[in-house]
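One structure is given here, and the rest of the page talks about it.
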Amino acid sequence: MSGQRAVDPMDLAESAKKLAAHVAPGAGCFVSVQKSRFANVRFAQNEATSNGDDDEYSIGVRIVHGKRHAVATTNQSSIRDLRKTIERASEMAKLSPEDPEAMPLVEQVNVPPVPLAADPATAALEANARAGAIRSIVNHAEKEGLVAAGYYAHKSLDRVLVNSVGLRQRHASTEAKLTSTIRTADGRGSGWAGDESTRAHEIHAEAIARVAAEKGKQSVDARPLDPGRYTVILEPAAIGDLIGFLLGELDARRADEGRSFFSKRGGGNRIGESLFAKSVTLRSDPADPLLPSSPFDDEGLALRATNWIENGELRNLHYSRYWAKKSGKEPNGNAHGFHLSGGEAASLAELIAGVDRGLLITRFWYVRWLESSSMLVTGLTRDGVFLIERGKVQHAVNNFRFNESPVAVLRNVEAMTRMTYRIPSYGTLMRVPAIRAKDFLLASQSRAV
Amino acid sequence: MGTSRRTFLLSSGVLSSGALAALACRSPAAVAPVRKPSFYNEGAEPHVDHALARAKQLGARYADVRMVRRESQRVSTREDHVVGIEHDETFGIGVRVLVGHSWGFAATSMVDENGVKGAVEKAVANAKANQAIQKRPVELAPTPAVRDSWHSRVVRDPFAIPLGEQVEFLLALWREVERVPLVKHANASIEALGESKLFASSEGTRIEQSITRIAPWFEVTAVDTEHGEFESRAFEIPPMQAGYEYVTSSRLKSDARAIAEDAVRKLKSPTVSPGVRDLILAPSNMWLTIHESVGHATELDRAFGYEANLAGTSFATPDQIGKLRFASPLLSFYADRTTPGGLATCGYDDDGVATLRFDLIRDGVLVDFQTTRDQAGWIGRKTSHATSYAEDHKGFPFQRMPNVSMAPGSAKKDLQGLIADTEDAILVTGDASYSIDHQRFNFQFGGQMFYEVKKGKIARTLRNVAYQANTLQFWNSCDAIGGADSWELFGALNDGKGEPMQFNAVSHGCPPARFRRINILATDVRKGS
């Protein structure tokens, strides 16, 4: 028998800490324990395809011998496995050379909890509830003679961090996500909609089906349109696909080292420069009621509300603890949720009404780096691109490949919706508006539907 | 012991002083197996039997169980110091059942009586809940019941190599490059991956397998602070199903300086003039183009719309088998999970079906798709092509890409020969940017190094190059490929597919090849204010 125990993550973390003091006396230790439940169902061709439901621990132990350190992780919670993991981390740390960038373990700072981030009903959701949501999408698609595919997943996490200098942090969260792509039976039209929330009951399967089906039907008979620079309205999912790249680049060290868009010619970084449209603000705040997230980062550092971009000006870059010390700055932690805002438009319809000639874009696909010094990325439109003329949506057009920079998009903002939307994401939580931006480069046509 | 054995040559893909390194990575040395799974010693058999019996009791007409242990170890450095030493281990059991028409799946890391019982019950609950949204019954193509084991071959178990030796290897790379003017940064790492699994099915199959993979990495960045520019150059060394001998027998150390000089050369090179040009792709670049436009396009579940919500569908559909002129008649592509060293190579897939080699595109014509047991019948096939895979115990096993490779040409030609035969073209080596649309038509790829070929010779280095094409137009524009001696194996550990996304390691072999009249883009958009 493996001796697995279903125990409280804080108890498990404290046991690991005690065990570490015994196995590696005198060493520092940092323990993270995450207990998770993750369940999902996938569907395509109007029927269920795959599914899953799992319970896991993820236990990470960092052992620190002076300036030597190493990390071992396991998903096994038995005392024997904990001991093996601690011994492994300790042995690896002893064999490791000294790390000149090693920082002392993070000390405890009490952070206000974020109870809004977890919903017990979402954590307890069962197979029939998942199947029911899918059934309402499939029924909607079948009534209209359409073909639905999609994915419904929910997870609950209980995360604990402790260390040998008194750190003791805990955060529970839940997340439910439902997305659907609805295509016409002949494959000539495709539409998408999706939503993500802390609470499963806030996800409305029927509404998602309606939007995806409508876009699918409207995108049939897409007319060819030449590539070029267009005014575009990017729906929130498309903005989310772009902004993810910007978030990864908000790093002070790489900027200071001369290898990022945020590097200043001649040395240093561009904090303080107005690089974006005046209306643009990007903020992270664990207590944001619209986007509750962890109040501490992966090292246990308390996360404060931070403006990264404020009224178009770059206000902050991420300073790791090492780089902050070297640069004489305060470390600001790795935020888990980002909220882009600043728009005044009452609705997507208002954004559309302000376009003489442009395109409405539902979402992007396969966005990847193209050239990092200008933060240029490439990717494709999908599941609904529509020509707007004289303030009205006219008809669907073909898909495009774009070569464009998220910085340019946020610089070329003409208007944004006041309302922001949570993006179905992987990892970092995001809430963004729909944006109208000029001069977006659609570089080549794509025949894909 | 490695020195007396046949060691396989590694392709660095490094071009130093315009001379092409024509080294082929053909097949790894085959020696004693290591990393036999250890869970037989941990009382695993009763859990497997218990899960299968319980599934049957609860009404499953088929069940399989995978007990999977995965280990990874990563040592990483930047410049002259270590930045991380990490070891990760997961272990657990995944239970898949067929109840009525539907699949049900659940997993747990708590491998004891209660944990396994709970997983079986949740899998059955999932299958029952999904009956209401299942129309076509899941049917499995027959496969013989087997009892077997299979272990990938390694010379030196990377998990047994002292960390100090690995760290020293990586730090020595920095010493090779630190004096190259403008070179400011280097990141290096060695990642070792072990995957051990026991598969058992209600049909009596029981298979034990283990795979060792290794991924060395080295990238140098040159910075011109004055002009606010930088360029990075990554070593063209693929991950491989092999042991630590792959690292030590590579050209990483001997060619490190050349890589750094490449980074500086890139920084000083002119941006390409965009337009329609001929293109020569080295295997270190073309593997990824094969992966995206051939490998993914011939996944049967994708062609049937199963991936529509995430990765999309495919322009290639089963009604086009035997008809679609996918590529030039020079080109044949095959799938092969028995390729020595291939990252997807194994003895049996996660349906318990023996792996094999099969053609996807023969003499330019689409002839087949990648299938699993529950898909083979969709296109009238009697047996599966053994392409089922789940990343770990938590993953639902589904159709994943096997190693998909381009067959070499019959002529005895290599990359040098292709260049010598070419009047005006751009040669691309190494991979960088990559993107393709959701039906696999429009793709765009970058690279590590770009060379202008004029009158049969490399004339100069260029930068900021990407090529963009439509899959069918691109493969049909191929007019020359290298022979068997120029065939090299590359690949990636992290091919993502499915929701929840699972990662699959996969290799692609190919010779160099030439393509006519391809759209070349300049990616040089200087940063604005």
Identify which part of [X] has an atom lying under 4.5 Å from any heavy atom of chain A, answering side chain, backbone, both or neither.
X	answer
Glu292(B)	side chain
Ser72(B)	neither
Asn114(B)	neither
Phe441(B)	side chain
Phe315(B)	neither
Arg78(B)	side chain

Looking only at non-hydrogen atoms, find the nearest pair between [X] and [Y] and report the distance.
X	Y	result
Asn51(A)	Trp103(B)	ND2-O, 2.9 Å
Arg265(A)	Gly228(B)	CG-N, 4.0 Å
Ser109(B)	Tyr57(A)	OG-N, 3.9 Å
Ser433(B)	Thr378(A)	OG-CG2, 4.0 Å
Arg401(A)	Asn442(B)	NE-OD1, 2.9 Å
Gly305(B)	Ala44(A)	O-CB, 3.6 Å

Top of [options] for chain A proximity - count of heavy-atom pairs under 4.5 angstrom:
options	answer
Lys394(B), Lys128(B), Glu226(B)	Lys394(B)
Gly104(B), Gly118(B), Ala311(B), Ala123(B)	Ala311(B)
Glu168(B), His438(B), His393(B)	His438(B)
Gln468(B), Gln444(B), Glu307(B)	Gln444(B)
Gly498(B), Pro397(B), Ser102(B), Gly94(B)	Gly498(B)
Val75(B), Thr221(B), Ile436(B), Val82(B)	Ile436(B)

request  = Determine, stepwise, if the pair Asn75(A) / Phe91(B) fulfils side-chain contact (heavy atoms from CB on, under 4.5 Å).
outcome  = CA-CA 7 Å; Asn75(A) 67 345; Phe91(B) 175 63; 4.2 Å; yes
Toward chain B, the part of [X] with a non-hydrogen atom under 4.5 Å:
X	answer
Arg88(A)	side chain
Thr381(A)	backbone
Arg363(A)	side chain
Asn40(A)	side chain
Asp55(A)	both
Trp192(A)	side chain
Val377(A)	neither
Arg382(A)	both
Asn139(A)	neither
Arg62(A)	neither

Salt-bridge criterion met for [X] and [Y] (N-O under 4.0 Å):
X	Y	answer
Glu219(B)	Arg259(A)	no
Lys184(B)	Glu257(A)	no
Lys135(B)	Glu142(A)	yes

query = For Asn464(B), does its backbone N or O pair with a side-chain atom of Glu371(A) as donor and acceptor, under 3.5 Å?
reply =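 No, because the side chain of Glu371(A) does not come within donor-acceptor range (under 3.5 Å) of the backbone of Asn464(B).
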ask   = When you measure from the side chain of Arg183(A) to the backbone N and O of Ala308(B), does any donor-acceptor pair fall under 3.5 Å?
value = no
Residue among [options] with most heavy-atom pairs under 4.5 Å to chain B:
options	result
Ala48(A), Ala149(A), Ala131(A)	Ala48(A)
Ala408(A), Ser372(A), Ala153(A), Gly379(A)	Ser372(A)
Asn399(A), Thr179(A), Leu95(A), Asn128(A)	Thr179(A)

task = For Tyr306(B) and Ser50(A), run side-chain contact (heavy atoms from CB on, under 4.5 Å): C-alpha distance rounded to whole Å, both residues' side-chain angles, the deciding distance at 0.1 Å, then the answer.
result = CA-CA 10 Å; Tyr306(B) 275 51; Ser50(A) 66; over 6 Å; no
key: Partner set under salt bridge (Lys or Arg N to Asp or Glu O under 4.0 Å) for Glu126(A), not counting sequence neighbours   = none
To the nearest 0.5 Å, what is the distance between [atom1] ([X]) and [atom2] ([Y])?
X	Y	atom1	atom2	result
Glu47(A)	His101(B)	CD	NE2	10.0 Å
Arg368(A)	Phe445(B)	CZ	CZ	11.0 Å
Asn46(A)	Arg136(B)	CG	CZ	10.0 Å
Thr523(B)	Leu370(A)	OG1	CG	5.0 Å
Thr49(A)	Ile133(B)	OG1	CD1	9.0 Å

I'd like to check [X] versus [Y] (side-chain heavy atoms, cut-off strictly below 4.5 Å). Are they in contact?
X	Y	result
Ser435(B)	Leu380(A)	yes
Phe38(A)	Pro500(B)	yes
Gln439(B)	Val449(A)	yes

request  = Kindly indicate, with the supporting measurements, whether the criterion side chain to side chain donor-acceptor pair (under 3.5 Å) is fulfilled by Arg42(A) and Asn309(B).
outcome  = CA-CA 9 Å; Arg42(A) 213 177 172 204; Asn309(B) 189 53; over 6 Å; no
key: Pairs satisfying salt bridge (Lys or Arg N to Asp or Glu O under 4.0 Å), at least one member in residues 90-102 of chain A, at least two apart   =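 Listed by first then second residue: Glu91(A)-Lys94(A), Glu101(A)-Arg253(A).
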key: Side-chain H-bond candidate by donor/acceptor type, Asn519(B) with Ser444(A), under 3.5 Å   = no
